[in-house]
Amino acid sequence: MSRLLQIYNSMLNFYGPQGWWPLTSCKNGSKKTDEPDNGKGYHPGDYSFPKNSRQRFEICIGAVLTQNTAWTNVEKALVNLRENKLLSANSIKKADVEILKKSIKPAGYYNQKSVYLKELADFFISLKGKVPARGELMNVKGIGPETADSILLYAYNQLEFVVDNYTKRIFSETGFFDKSANYHKIKEIFISKLPEDIVIYQEFHALIVLHAKLAFAGGKTGFRKTEILKFN
DNA sequence: AGCCAGGCTACCG
DNA sequence: CGGTAGCATGGC
C-alpha cells in the first residue's frame, strides 16, 4: 500500500466520510431530492449523488462560486439563487445580470462570477446531458484546472483527482513533491499512487480540505507537519 | 484592523 | 513562457 493511500485511510478513519459535494438541494433519505435541506446538505457515506440534472448543475455553479471563497459565503449565494429561482441552467441563461449579481454577491467577485455563471449555463445546456471532456470544460471562461476537475469528479463521477492550494501546501511541506510542482505534476503523483476509485478521489479531496481548515485554523503561522504526519 | 477563503484571467517582463 | 495584481464578501 502506498504512503498516500495509508494517509487517506487514516484520515478517513479519523474524520469519517465527508459526503462531498455538499448540495443545498439534497436531503439524505428524503424522497424529495430537489427540496432545500434543513441541515448542511451533506450526504456522508451516500455516493449516489447527484441524483438529477439540477443537482449536477448546482455542483457546477458551486464549483465556480467557491473559487478563492469560503463555502459559508457560497451557501448564502446558493440560497439567494434558489429564492430567485436561479438554480437551473435555463433560468441563469435568461436571468437579468443585475439580479444574478445581487444573488451571488455574498460569494464575492460578483462581477466576474456573474459572467462565468452565464457562460457555464450556456455550456451546460449545449451538453444536452452528455459528460463534458476536460478540455472543453477548460475552454469555458472561469473554469480552470481545479474547477474542471471538481466538476468532473463530483458532478459527473469521472476519475479526476482534484488538486487545490491545501493539497499543494500540505503535501509539499511534508515532502511528497517540491513547492514548485505544477497542477498537472501533483495530480499525476496522486493518481499514480492511488487506486482507480471514484470514492477515494472524492473523499480524499474532501478530507484534505477539512483537515487543512482545522490545521490552519486561526493560524497565520504555517502548517505544522505533525498535523498531517499523525496520519502516517 | 487585518488576514484569509475549496482560483482564474489578463497582463507583465 | 513563468510570475503576479486584481477581483469582493463575510468570518474570525
Side-chain angles (χ1 to χ4, degrees), chain A residues 8 11 15 17-24 40-44 49-50 58-81 97-98 100-120 123 134-156 160-172 177-187 190 201-224 227-228:
Chain A
Y8 165 74
M11 290 176 78
Y15 289 119
Q18 297 305 301
W20 272 31
W21 190 275
L23 280 162
T24 66
K40 284 186 140 188
Y42 288 57
H43 42 89
F49 290 88
E58 185 184 319
I59 294 172
C60 294
I61 60 179
V64 168
L65 291 175
T66 198
Q67 289 168 1
N68 202 35
T69 301
W71 183 256
T72 49
N73 287 3
V74 177
E75 283 184 326
K76 297 178 201 303
L78 290 173
V79 167
N80 291 342
L81 288 170
V97 70
E98 292 307 318
L100 186 56
K101 283 183 186 178
K102 200 171 169 184
S103 303
I104 67 173
K105 195 167 180 183
Y109 309 115
Y110 53 86
N111 290 307
Q112 293 180 348
K113 285 177 177 175
S114 59
V115 175
Y116 296 168
L117 291 192
K118 285 277 191 183
E119 303 252 344
L120 177 59
F123 178 70
R134 190 172 187 273
E136 53 177 353
L137 251 180
M138 290 198 36
N139 282 336
V140 180
K141 195 195 289 191
I143 299 185
E146 189 197 332
T147 307
D149 287 334
S150 293
I151 288 173
L152 288 169
L153 179 61
Y154 292 106
Y156 290 94
E160 301 282 356
F161 196 83
V162 178
V163 177
D164 69 336
N165 267 326
Y166 286 143
T167 311
K168 208 173 299 180
R169 196 167 157 189
I170 290 176
F171 290 92
S172 68
F177 41 81
D178 192 82
K179 249 178 294 198
S180 63
N182 65 21
Y183 188 96
H184 184 68
K185 162 104 176 169
I186 296 172
K187 182 177 171 181
F190 277 86
Y201 279 34
Q202 292 186 342
E203 288 290 1
F204 204 177
H205 175 62
L207 288 164
I208 287 168
V209 173
L210 170 65
H211 179 68
K213 280 176 177 169
L214 296 174
F216 297 141
K220 347 263 127 224
T221 63
F223 177 76
R224 297 186 300 281
E227 287 293 333
I228 186 73

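A note on names: the letters A, B, ... follow the listed sequences, proteins ahead of strands, and every chain is numbered from 1.
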Heavy atoms only, 4.0 Å cut-off, all strands: where does K76(A) land among base, sugar-phosphate and nothing?
sugar-phosphate
How many Å lie between CG on N165(A) and C1' on dC4(B), as a whole number?
12 Å
Check the distance between dG3(C)'s P and K179(A)'s NZ and give it to me in whole angstrom.
13 Å
Classify the nucleic acid contact of Y166(A) as base, sugar-phosphate or nothing, counting any heavy atom under 4.0 Å across all strands shown.
sugar-phosphate
Given atom CG of D164(A) and atom C1' of dC4(B), what is their separation to the nearest angstrom?
14 Å
Show the nearest heavy-atom pair for residues Y183(A) and P145(A), with the distance to one decimal.
OH-O, 3.5 Å
Under 4.0 angstrom, heavy atoms only, what part of the nucleic acid is I143(A) near: base, sugar-phosphate, or nothing?
sugar-phosphate
With a 4.0 Å limit, can you tell me whether Y109(A) has a side-chain N or O closer than that to the phosphate oxygens OP1/OP2 of dT9(C)?
no
Pick the nucleotide of DNA chain B nearest each of G142(A) and N73(A); which residue has the one closer to the 5' end?
N73(A)
Mind checking Q112(A) for me? I need base, sugar-phosphate or nothing, with any heavy atom below 4.0 Å counting as a touch.
base
Aromatic plane relationship, F161(A) with F190(A) - under 30° parallel, 30 to 60° tilted, over 60° perpendicular
parallel
Can you give me the dot-bracket string for DNA chain B, 5' to 3', counting Watson-Crick and G-U wobble pairs with both distances under 3.5 Å, using [ ] for crossing pairs and | for partners on another strand?
.||||.|||||||
